[in-house]
Asks: 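Following this message is one structure expressed as structure tokens.
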Number of protein chains: 2
Amino acid sequence: MSDLLETVRGLSKKTDSKILMVVLDGVGGLPMGVNGETELATAKTPNLDALAAGSQLGLVELVGAGITPGSGPGHLSLFGYDPLKFVVGRGALSAVGIGVKLNAGDVAVRGNFATLGEGRVVQDRRAGRPSDEKNAEIVAKLRAAIPEIDGTPVEIYTESEHRFVVVFRAAGGEVLGAQISDVDPQATGVVPMTAAAHDAASEKTAGLVNAFVTRAEQALAGETQVNGVLFRGYSDVPHFPSFADVYQLRSACIASYPMYKGLASLVGMDVLPVEGHEDALDGKVAALKENWDAYDFFYFHVKKTDSTGEDGDFAAKVKKIELFDALLPELLALNPDVLAIVGDHSTPSKLASHSWHPVPLLIRSEYGRKDAAQRYTEEEAGRGSLGLRRGTDLMPLLMANALKLNKYGA
Amino acid sequence: MSDLLETVRGLSKKTDSKILMVVLDGVGGLPMGVNGETELATAKTPNLDALAAGSQLGLVELVGAGITPGSGPGHLSLFGYDPLKFVVGRGALSAVGIGVKLNAGDVAVRGNFATLGEGRVVQDRRAGRPSDEKNAEIVAKLRAAIPEIDGTPVEIYTESEHRFVVVFRAAGGEVLGAQISDVDPQATGVVPMTAAAHDAASEKTAGLVNAFVTRAEQALAGETQVNGVLFRGYSDVPHFPSFADVYQLRSACIASYPMYKGLASLVGMDVLPVEGHEDALDGKVAALKENWDAYDFFYFHVKKTDSTGEDGDFAAKVKKIELFDALLPELLALNPDVLAIVGDHSTPSKLASHSWHPVPLLIRSEYGRKDAAQRYTEEEAGRGSLGLRRGTDLMPLLMANALKLNKYGA
């Protein structure tokens, strides 16, 4: 455990104060708009602006200088777990997020449906983002075609859009290694890669993955758009000190997408049910209100700020930020003792991918200092009183502002 | 290896983008001029100003808060190697820089020629900065007088001005320790110190050093100015993970002074030949242009900004900064994908020595955020979007801006 996390664990105490951490996925951007402004600076956000004027702002770097965080490491950092020490594969996150119990020795793998053209060349790494219904239909086909491979049981689960999860179940006592290379080439115009084992314990798993790819393409040969699978993010079963143990918090996750629910569940949060499709912001707000009295800490996740950035759609990302701004008054009406707004990484539309740029952080509490920053934007946050910080600083700051940490030393 | 360096090693990829890192040695200063400005703020630098207005700025601390870096640790930090973990003596740097191969067990020592007065009192720690010719003449005298000490072969090499290097060659299988105290008192008006061993393995080496001091003073007794030697920076043979291995870069060093070439060579850079004497800025620019296509990364060193600061000559340091400004357009014309301008430490004329103050950093790339800083000065850099950072953050930031790092985790 990192030193700061261990220290916080020793100082945490239960109190009645409530912390609300809003994660706007991938919210940080780069100058690109008509005025050379970022998505956040371009968005019309009267509610966020008013909030920012009375809050403390700063910038957080989730993993380290220059390092582009995946969503897993980005969130672990926000939750206080140094992502260079706590390494968890996306497969395990996704599996846990859809309620699949993993046992020691199993391996969970994250898959994307893809569109393959002539000669297996990848044409679309997300198969045109199929509907969840189409996804479920394809998963059903694969389940029928690949119930097992050479005696190893294979479980296939739908996640959302182009995403699915495969679990290879180890036989009693067997341990399937997870050290294998990606099938996903992370590019179009090339063929999928062949998975290779990085250690002896993973050789069987690599063979299972490659056999799965072949049999899936055979099973999907009649499909025009969803006719291939790409894998990356293999993982065995990770172990975390729990949120309740470290922070003494009754904590709840309000998220729609499986990976985020999976991560929250790994660190011991209760995952609350959310009504509605996709980002389901109204359903999330409803879940927050309904459960307000039952928890001390809420992780509230907004996904579409990231998805639009990944699509390189500047205007759409601006719009998603404005949608969040519109619901902000409902969150403020709950009057959390400490409110944080932050991202798990930047996703500039200019790059159409995650990036290494620090993410703006806002903290509102009764115990904040005066602050020159007037808006929740990258540029203003750089002028804020919280400075440029590591993501793992966030939870200790929130705990402190909630008066939930004892003094260190006499 | 530090976690960040190890992480970067796992994420680096080869691309066509080019990185140019300009190190203005000792460029940071302190207010001292007629208007209470630093050397950088006083200098007329229209090209740097225009560049800064469109770049990201920040401040870097090379070793740690309050720590004044030597040139070795300062450069190691810029190259991404934590100087608290990677310790290399100046002797080894200088030896490698002049093409001397060190073998396991050998010790290399950095020496200064000094002027000693009555009672061996140090009058000038640099012996009036003798010419390189005078240096070579003195080295020849010493070589004749001290070919070996008690059976240990002694090699003496000229470096430049007052600087020379001694290599004590270990006999087969023997290991000479390098944990010994300085002879250089780093002050005038006092006598040189006697070297003492910090561990048993270094006792023989301390004896060799002290014997060398005595025999050198005897051999130089007829000299009026160059009549003593001072030692600091003893080192055995260091080991580094190479630049090519960590960053996947074809990297080149463009520098004139041996120590900088030695350091670059230790981390695996090709050291390019530079035409001309001393700082040879024109020769360096020519070498850069000629080799532009052959490398992905260039370390371009400018020395005189430091030397003038060490001399306490504010006006001369201002002038050297302006000389660099004049050649900047030639560097920009090469259109590097990522350009960094930074120092390896501060050398304020006010202190006439290296100092602990953070050094201004400028990064120009297509993927930078807006930035309030308008000039490359200490004060403006403090307002920059890059914040105050450790020196070891620089390489990951440059790699990221050059789009040479994969995402960390899923």
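Proteins get letters first, then strands, A, B, ... in listed order; numbering begins at 1 in each.
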Asks: Using side-chain heavy atoms (C-beta onward) and a distance below 4.5 Å, is H357(A) in contact with S385(B)?
Replies: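 No. Closest side-chain heavy atoms not under 4.5 Å.
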Asks: What is the minimum heavy-atom distance between P396(B) and A65(A), and which atoms define it?
Replies: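 Between these two residues, the closest heavy atoms are CB-O, 3.0 Å.
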Asks: As an exercise, state the distance from CZ of R369(B) to OG of S346(A), rounded to the nearest 0.5 Å.
Replies: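 These two atoms lie 4.5 Å from each other.
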Asks: Please round to the nearest 0.5 Å and tell me the distance separating atom CG of D371(B) and atom CD of E379(A).
Replies: 8.5 Å
Asks: For G74(A), does its backbone N or O pair with a side-chain atom of Y408(B) as donor and acceptor, under 3.5 Å?
Replies: no
Asks: Any idea which heavy atoms bring G409(B) and P73(A) closest together, and the distance?
Replies: CA-CG, 3.9 Å
Asks: Considering only heavy atoms from C-beta outward, does the side chain of Y367(B) approach that of L30(A) to under 4.5 Å?
Replies: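 Y367(B) vs L30(A): side chains touch.
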Asks: G64(A), G382(A), P31(A): which one forms the most heavy-atom pairs within less than 4.5 Å of chain B?
Replies: P31(A)
Asks: Return yes when atom CG of D16(B) has more than 12 non-hydrogen atoms of other residues, nucleotides or ligands closer than 6.0 Å, and no otherwise.
Replies: no
Asks: Below 4.5 Å, heavy-atom pairs only: which of G29(A), P348(A), G72(A), S353(A) has the largest tally toward chain B?
Replies: G29(A)
Asks: Quick one: which of H345(A), E378(A), M259(A) has the most heavy-atom pairs under 4.5 Å with chain B, could you say?
Replies: E378(A)
Asks: Side chain, backbone, both or neither: which part of R389(B) has a non-hydrogen atom closer than 4.5 Å to chain A?
Replies: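 The answer is the side chain of R389(B).
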Asks: Among L398(B), L388(B), N401(B), single out the residue with the greatest number of heavy-atom pairs under 4.5 Å to chain A.
Replies: N401(B)
Asks: Can you find a heavy atom in the side chain of V8(B) that is under 4.5 Å from one in the side chain of I67(A)?
Replies: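 V8(B) vs I67(A): side chains touch.
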Asks: Taking all non-hydrogen atoms of both residues, which atom of G66(A) and which atom of A400(B) are closest, and how far apart?
Replies: O-CB, 3.2 Å
Asks: I need the L11(B) CG to T68(A) OG1 distance, nearest 0.5 Å.
Replies: 8.5 Å
Asks: For chain B, which candidate among Q186(A), M32(A), E61(A) shows the most heavy-atom pairs at distances under 4.5 Å?
Replies: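 Max contact count across the listed options: E61(A).
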Asks: If we only count heavy atoms from C-beta on, is the L403(B) to L351(A) side-chain gap below 4.5 Å?
Replies: yes
Asks: Among the options A41(A), G233(A), P69(A), G91(A), pick out the one with the most heavy-atom pairs lying under 4.5 Å from chain B.
Replies: P69(A)
Asks: Between E366(B), R383(B), M395(B), who has the most heavy-atom pairs with chain A when the cutoff is under 4.5 Å?
Replies: E366(B)
Asks: Against chain A, label L397(B) side chain, backbone, both or neither, depending on which of its atoms sit under 4.5 Å from a heavy atom there.
Replies: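 Both parts, backbone and side chain.
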Asks: Under 4.5 Å from any heavy atom of chain A, what part of L386(B) do you find: side chain, backbone, both or neither?
Replies: backbone
